[in-house]
4 protein chains.
Amino acid sequence: MKGAQKPRKEPRQARSRFLVETIVEAAARVFDAHGYDGATTNLVARVAGVSVGSVYQYFPNKDALVTALHERHVRHMLRILEEVDAAAGGASLRETTDLLVAKSLDVHRAEPRLQRLLHADLPTLEQQRALSAASRAVFDRSRQLLSRHRAEIAQPDLDLATYVVLRMFEELVHAAALDPPPGVEDEPLRRAISDAILGYLTLAAPGARAGSPTDRP
Amino acid sequence: MKGAQKPRKEPRQARSRFLVETIVEAAARVFDAHGYDGATTNLVARVAGVSVGSVYQYFPNKDALVTALHERHVRHMLRILEEVDAAAGGASLRETTDLLVAKSLDVHRAEPRLQRLLHADLPTLEQQRALSAASRAVFDRSRQLLSRHRAEIAQPDLDLATYVVLRMFEELVHAAALDPPPGVEDEPLRRAISDAILGYLTLAAPGARAGSPTDRP
Amino acid sequence: MKGAQKPRKEPRQARSRFLVETIVEAAARVFDAHGYDGATTNLVARVAGVSVGSVYQYFPNKDALVTALHERHVRHMLRILEEVDAAAGGASLRETTDLLVAKSLDVHRAEPRLQRLLHADLPTLEQQRALSAASRAVFDRSRQLLSRHRAEIAQPDLDLATYVVLRMFEELVHAAALDPPPGVEDEPLRRAISDAILGYLTLAAPGARAGSPTDRP
Amino acid sequence: MKGAQKPRKEPRQARSRFLVETIVEAAARVFDAHGYDGATTNLVARVAGVSVGSVYQYFPNKDALVTALHERHVRHMLRILEEVDAAAGGASLRETTDLLVAKSLDVHRAEPRLQRLLHADLPTLEQQRALSAASRAVFDRSRQLLSRHRAEIAQPDLDLATYVVLRMFEELVHAAALDPPPGVEDEPLRRAISDAILGYLTLAAPGARAGSPTDRP
DNA sequence: CATGAATGAGAGTTCATTCAT
DNA sequence: GATGAATGAACTCTCATTCAT
């Protein structure tokens, strides 16, 4: 992979926007099915039903497709955060977390290899520039959600906590989707992910382990 | 990446063993510096100070190098587990975890991109066959270490707990090494990783746990 | 050599057809000059004045070029058969054979090494599948020509006779073109080839072995 | 056989001769099984049970193995010519030919691909120098045999006749061994080969060509 | 002499990218 | 804009050959 890349031109017209969407969806299918190396730009074009030239009209190079896929994923996650936020009026942190885990698992299970690729290869790229912008939104939204449950959270630094939670969350959902532990049912698996997040957030100061903050009404 | 690959021939003599080691170390440097695609077999050979032919004498193809690097990493982690186990006579789970985090961070910081590559690309490969053998050792050793602290662990299923802990551990250490949160000192960062693991393991059961229908002994 | 190979795409447009022809002609020159091993795909491309990529656009691999050259040769031979057939109204078998030998010699002398390669390497390949289709046309056309002279032919099984004649014909023409006997003029050489074919076809039934069929009182 | 103890000096040569033979036989197997390209010198060495270095001790390069195989074949053919000559006291040309065809077919059927390779690739090589020496012996011996049947032969130039007969013979035997016509029994096939040779040799001078006596209705 | 690890030139092939149509 | 034929740099991998042991 070379360098960070934004779409070459912003699709102004409806047709263009549709074309870009078509290409991105094709890219999602192709990258999920073949991995980064196996995914050729020509194949993406063929699957999208357009010519390679058209792909390059909107994406200056192969990595730009990956960047676009990342943004697509971020949008997806933002939507989920939105939904959960909306649906959960006075829900507890546990309930909210459970819901997020369940919804995210659905997303990752739909295209596990692509998600792994996005999670893994992107930090490698010099694209962090482009990414941090998109990722920032997820970070901010997540932090906001956590701050709403500030009372239930023992960790003092909420920025750091958000960072850690996002990492754990992504990784565990990835793992559960792509490489689940053998012989474990879905429910305990989701439960374990929630536990990991909840456990971290609610961990009392060292020594005070027994009295968890969630014990309070 | 193609398929799983074992070393082509087992290095029997001292000279060969040395050569293989040289090649693997060169591969580590090259993969860490250039990523999977950027790492060419010719470059690995050049860095190792041998000819391409010699690389292919011992590794049937490029992916075999990655597999070897994975095994090298696994050996590394096993050594760390061993050391921590030996050093920690009656240490608490927290102390043991802190030590593991510190030592692992050193390993990952030495070659962060390689570690990311190993963590990310390998599950993609069909090499899980070969890998599971090597990874199993880490899993078993980790589980054994956890079981020694059984009393401090609230999670009922120790296999699942080991799976989750290993994932969290690897991911958070990777992240801390490759993409640390801005403005966070090393100490709190390490602390956060330990908290995540400890929090998950020691999470007291929610008051409603007894009623959960899936919680079978 | 790997496996049988048809052209990757049928050249629909005039430009493509011209390109394919150019490549095949270049391949003919290169294979004739360097043999199978010495002929590199890059050299074929260079001689054709195109890029390697263009060669692979139409021929999936090196062997596909050989297959194409075989088909080119078959077409050539068919054309000759056609011409001879057309020109020879009531010609005798001898006259027809003489003409075929003369024309074929011209073809083989133009690129003797290529002809040898086609004659020799192809049966080795698994390409007999693809070849038999093309070769069949030559066989059928030859058989048809022979059957027109049925009265002059003593061999009972015309299929077998065609098989034998084609083999002798190809081999002797090859030999005469590539490795002629020293000190023999062209005319007696051509005559000898015709004699071989005529002699076989007109050989009287066994029992008349001692003398030629014309020995009859 | 290893118990035999000859003077200490002599075995060195004997051993070398044996080694050379071993290598050549291994080469025969390998070239027959894999063709020229597929036959690697390392494989030949492995099959021979010696090291590559030993192969290169006696054969300066890969083509030297082919040359040796050609000489082996020539010796084989000479032996057959010898046998036939010895066994056939007052045999007719037909009888002699039949015997030669039968014996040669056995040889070629044992390693058809190798024979094709020798027949086909060698003229291509620059080894014609070395070959003509070896081939000359076969040529001379064949000519001698033909001259013994001078009375039965109509062709005026015996050198040319020998040349033509050898070519036809080799080609037809090759073809019969490697690529026989479908649905033809062995006997008629051998018969056809003999017919081809006999027909050529005994063909009466032109002009005497009469309507074939085997004309069918 | 025998060995076989080491060599490295060079081959076939792919695929991101361009640009004339 | 859209197309897709054409490009060619660059990669993985092979194998004839050498030479230190």
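Below, read A as the first sequence line, B as the second, and so on, with proteins coming before strands; counting in each chain starts at 1.
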Closest-nucleotide ordering on DNA chain E, the 5'-leading residue of D:Y58 and A:G38:
D:Y58
For D:H70 and D:S135, which I'm curious about, is there any donor-acceptor pair between the side chains at under 3.5 Å?
yes
The side chain of B:L19 is closest to which nucleotide in this list: F:dG8, E:dA6, E:dA2?
E:dA6
Winner on side-chain proximity to A:T41, out of E:dT7, E:dT17, E:dG12, is E:dT17
Could you check how far CG of B:N42 sits from C1' of E:dG8, rounded to whole Å?
9 Å
Can you tell me how far C1' of E:dT7 sits from CD of B:Q57, to the nearest Å?
10 Å
Given D:Q115, D:E111, D:H119, the one that forms side-chain hydrogen bond (donor to acceptor under 3.5 Å, both in side chains) with D:H73
D:Q115
Gap between atoms OH and C1', on A:Y56 and E:dT18 respectively (whole Å):
9 Å
B:N61 has an atom CG; how far is it from atom P of F:dC15, in whole Å?
15 Å
Paired with E:dA20: which nucleotide, if any, by Watson-Crick or G-U wobble criteria at under 3.5 Å for both distances?
F:dT3
Indicate, with a heavy-atom threshold strictly under 4.0 Å, whether C:D37 touches base, sugar-phosphate, or nothing.
nothing
Considering only heavy side-chain atoms of D:S51, the closest of E:dA16, E:dA9, E:dT3 is E:dT3
Answer yes or no: is there a side-chain heavy-atom contact under 4.5 Å between B:R46 and B:L43?
yes
So, do B:Y56 and B:T41 sit near enough that their side-chain heavy atoms are less than 4.5 Å apart?
yes
To the nearest angstrom, the CG-P distance between B:L43 and F:dA10 comes to 14 Å
In terms of the nearest nucleotide of DNA chain E, which residue is placed more toward the 5' end: C:G53 or B:G49?
B:G49
For the pair made of CG in B:L65 and C1' in F:dC11, what is the distance, rounded to whole Å?
14 Å
Considering every strand and a 4.0 Å limit on heavy-atom distances, what is the contact class for D:F59: base, sugar-phosphate, or nothing?
nothing
Could you state the atom-to-atom distance from NE2 of A:H34 to P of E:dC15 in whole Å?
11 Å
As a test of reading the structure: which of E:dT7, F:dA16, E:dA16 is closest to the side chain of D:T40, going by heavy atoms?
F:dA16
Residue matched to E:dG10 through Watson-Crick or wobble contacts both under 3.5 angstrom:
F:dC13
Within the 4.0 Å heavy-atom criterion, would you say D:S54 contacts the bases, only the backbone, or no part of the nucleic acid?
base
D:Y36 six-ring centre to D:K62 NZ/CZ under 6.0 Å and within 45° of normal
yes
A:R46 has an atom CZ; how far is it from atom P of F:dG4, in whole Å?
11 Å
